Amino acid sequence: MSVFALPSAPSERCLDRFSILEDGQEDGDGLVSFWPLLVEVLRQPVRTPSQLIDVLDTISNSLRGSSGAAGDYGMLEAAVQEKERDFFGSIWPKIVRLALMTPRLYPEHCLPILKPGMTLGLSRDQAACLVSHQFLCTLRPPPWRNDFFDFGIWYGSSQRHPKAVEMYLNAIFGFFKQVGDPGNHAAEEVGYALHSYDQLARPMSRTWQDCALSTAVVVRVNAYSTEQQELQCQGIDSAVVVSANKDIGFGQSATQEELYMGNCPEACPAVLVAPTLADDQVLVIQGAMPMLRISGQRRDVSWSPLEESTVSRGGRMLFMDALEIDEADNQEGLADLLSSNIDREIKKAYTAFSSWAVGAPATVWTGLWGCGAFNGDPGVKMTLLWIAASLAGKELRIICDSSNDTFASEFETFIAQVLAERRAATAGGLIEKLQRVPHTTERLASMRWLLDSCVHRS
C-alpha cells in the first residue's frame, strides 16, 4: 500500500445505519459512499455537548459499526464544558469547515505513505484538515497500526492518566482557536520526512575514526519540559531528539514522545504516513506548532499556554527509536555494549543528525535518549550521541533534570577529560573507550568506569 485513503476517497464506503442519505444510493453490497454521508452529518446543529457526542457517535457507528470511545465520551464532554463558549462559538465551526475542505485540499483523496528519502510538505490548511479528521474520528487505521491514529483514545472517561489527556485536549482546542480561517497560512508548511542511513547523501567516511569531536555541553534544568521543541529556544538551524517508539505517535500517558506530539496537533497526522521505523530510519517533523509549555513527565506534569505571537511556527523534531534494552534483560552483560548495538545506535543517531544541512554550526538538544522505559545505560547512550553529532558536524546539548545531577556531573567531567586527551578526542577514540568497558559492567556504572579509565591513562 503506497497511499492512505482520506474520507473523501470514492473507495471509502460504509453502511447508512441511520438512513441519513436518500434511498437508492446503496451499491450491491448495501454500502454508500462515506463522504456525502459525513457531509450530511456535519450539517447537524452542534451547540451543546450532547449534540457534539451525537455527531461523533453517528460517525463512529456509520464507519465502524460501534460507538466511539466504547460509548463513553466523558473526558471529552468535561473538556468541552470547561471551554464551552470558545468551543461552540469558534472551535467547532473551524473543525467542520476544515474537514469539509478535504476534496479541495486533497484532490487525489489520499496521502502518500512515506518512503526513505521522501518529504511530505503540507500547508497549514492541509495539516489542520487532517487534524480535524483525527478529532472527528473519520479515518480508518493505517495498515501498520490498530490504535492511536485518531483522538478518540482521549474521549472516554476511563483514562490511565487523566491529567495528560486533559492537557492534550487543551492543546487541540488551542490549536483550532489559533489556526485562524482557512487560507490564512497558505505560505507556511509542515514537513514530515523519513530518512534512512542508506539514503544519506553524505554517509560516514571510512576514516570517520579520525573525526574530531564536536562541542558537547550538559544543560541542567529543574525539570524536563517541551521548551526545546519551541523554535525560539531550539534555534532555526537546530533540532531536538524525541525518544520515540518504532511506531511513532501520541498516546494516553506522558512519555516524552507523547508530550511532544500531543502538544503539537500538526505533528499528529504523521501517524497516518510514517510506517514502522526500521533500525536505520528516523522520522523528522519540522514546523509543527507547539501550543503549551509542558513541564515534567509521566505523573508529574503541568502546563501553561504559549503566547500566540510566539508560536507561528514550530522547530525540528527528530523521532528516533532507541534499542529496547528492557527486552534484553535476560542477556548476559550490558546489552548497550554489544558491537552490533553500538553500530545500530550510532547509525540511527547519525541518520537523524545528518538529515539537514546548515552553513553555521547547529545544535542537537537531547534528553537521556533511550534511558527511560527502554532501560538504556546513560553513559553509553550519551557517548554514542556525542560520536554521531561529531560525525554530522552538529553540537550536542544534553539536558539533565535534578534527578540526574550525579550523571550530569560525571558526564561533564568525562567531556573535559576526553578533550584533554589528544588521542581520545576523536570519534574513533571514544569508540575505543567504549570497547574497553567490560560487558559485565552493571547498568548506570559505565560512566564511572569510563572516568576511572581516563584517570588511569592520563
Side-chain angles (χ1 to χ4, degrees), residues 197 204 208-211 213 216 218 241 243-246 255-256 278-280 320-352 366-391 396 398-458:
Y197 177 75
M204 291 190 293
W208 68 269
Q209 288 87 348
D210 299 323
C211 175
L213 294 175
V218 174
V241 170
S243 296
N245 289 280
K246 292 179 182 179
T255 65
Q256 189 207 26
D279 279 347
D280 67 342
M320 300 160 42
D321 62 302
L323 280 165
E324 299 182 25
I325 303 298
D326 58 317
E327 296 183 358
D329 285 344
N330 59 344
Q331 294 187 17
E332 208 170 297
L334 193 57
D336 297 88
L337 293 172
L338 294 176
S339 58
S340 58
N341 291 346
I342 287 177
D343 184 65
R344 189 262 193 197
E345 300 297 70
I346 290 180
K347 286 183 177 179
K348 172 78 70 169
Y350 176 75
T351 300
T366 183
L368 300 185
W369 176 64
C371 300
F374 285 178
N375 216 30
D377 179 87
V380 177
K381 281 289 193 292
M382 295 306 101
T383 301
L384 295 177
L385 291 192
W386 190 10
I387 292 169
S390 302
L391 296 173
L396 188 66
I398 301 170
I399 306 163
C400 293
D401 74 355
S402 56
S403 68
N404 301 124
D405 276 345
T406 299
F407 174 78
S409 297
E410 290 178 343
F411 205 80
E412 284 176 327
T413 303
F414 180 63
I415 292 171
Q417 290 181 347
V418 167
L419 295 180
E421 298 180 51
R422 291 188 59 186
R423 184 174 178 277
T426 63
L430 275 190
I431 282 290
E432 289 179 11
K433 283 184 174 295
L434 287 178
Q435 289 173 337
R436 291 197 299 269
V437 178
H439 284 209
T440 54
T441 302
E442 294 183 357
R443 181 178 180 269
L444 306 181
S446 68
M447 197 71 262
R448 175 48 51 191
W449 193 97
L450 288 166
L451 286 173
D452 292 342
S453 173
C454 287
V455 170
H456 293 152
R457 292 176 65 87
S458 60

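Along the sequence shown, the residues carry numbers beginning at 1. Values reported hereafter were calculated over all heavy atoms of this structure, with side chains retained and with hydrogens, waters and symmetry mates removed. Note that the coordinates shown come from a computational prediction; the quantities given were computed from them, not determined experimentally.
Taking CZ of Phe414 as the start and CE of Met382 as the end, the distance is 12.5 Å to the nearest 0.5 Å. Considering CG of Asp279 and CZ of Arg344, their distance stands at 4.5 Å, rounded to 0.5 Å. To the nearest 0.5 angstrom, Thr406 atom OG1 is 13.0 Å from Met447 atom CE. Note that CG of Asn404 is 11.0 Å distant from CD1 of Ile398, once rounded to the nearest 0.5 Å. Taking CH2 from Trp449 and OG1 from Thr440, the interatomic distance works out to 10.0 Å, rounded to the nearest 0.5 Å. Atom CD of Glu432 sits about 7.0 Å away from atom OG1 of Thr426, to the nearest 0.5 Å.
Between the side chain of Gln417 and the backbone N or O of Leu450 there is no donor-acceptor pair closer than 3.5 Å. Counting only distance, with no hydrogens or angles, the side chain of Glu345 and the backbone of Leu323 share a donor-acceptor pair below 3.5 Å. Side-chain atoms of Arg443 come within 3.5 Å of backbone N or O of Gly376 as a donor-acceptor pair.
Minimum interatomic distance between Leu213 and Ser390 (heavy atoms only, all atoms of both residues): CA-OG, 3.3 Å. Considering every non-hydrogen atom in both Leu396 and Leu385, the closest pair reads CD2-C, 3.9 Å. Nearest heavy-atom pair across Pro378 and Leu368 is CB-CD1, 4.4 Å. Contact record, Ser243 with Gly370: OG-N, 3.7 Å, taken as the closest heavy-atom pair. For Gly379 against Phe407, the heavy-atom pair with the smallest separation is N-CE1, 3.6 Å.
Legend: residues meeting side chain to side chain contact (heavy atoms under 4.5 Å, CB included) with Ser409, ordered by chain and number and at least two apart, are Arg220.
Taking the side chain as every heavy atom from C-beta outward, Lys381 and Phe374 never approach each other to under 4.5 Å. Within the 4.5 Å cutoff, the side chain of His439 has heavy atoms near those of the Leu337 side chain.
Here Lys246 does not pair with Asp321 in a salt bridge; the nearest charged N to carboxylate O distance is not below 4.0 Å. A salt bridge links Asp452 to Arg448: at least one charged side-chain nitrogen sits closer than 4.0 Å to a carboxylate oxygen.
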Does the pair Val437 and Leu334 meet the rule for a side chain to side chain contact (heavy atoms under 4.5 Å, CB included), with working shown?
CA-CA 10 Å; Val437 178; Leu334 193 57; 5.5 Å; no
Given side chain to side chain contact (heavy atoms under 4.5 Å, CB included), test Thr366 with Met320 step by step and report yes or no.
CA-CA 11 Å; Thr366 183; Met320 300 160 42; over 6 Å; no
Residue pair Leu384, Leu434: steps toward the side chain to side chain contact (heavy atoms under 4.5 Å, CB included) verdict:
CA-CA 9 Å; Leu384 295 177; Leu434 287 178; 3.5 Å; yes
Step by step, would you call Thr383 with Lys433 a side chain to side chain contact (heavy atoms under 4.5 Å, CB included)?
CA-CA 10 Å; Thr383 301; Lys433 283 184 174 295; over 6 Å; no
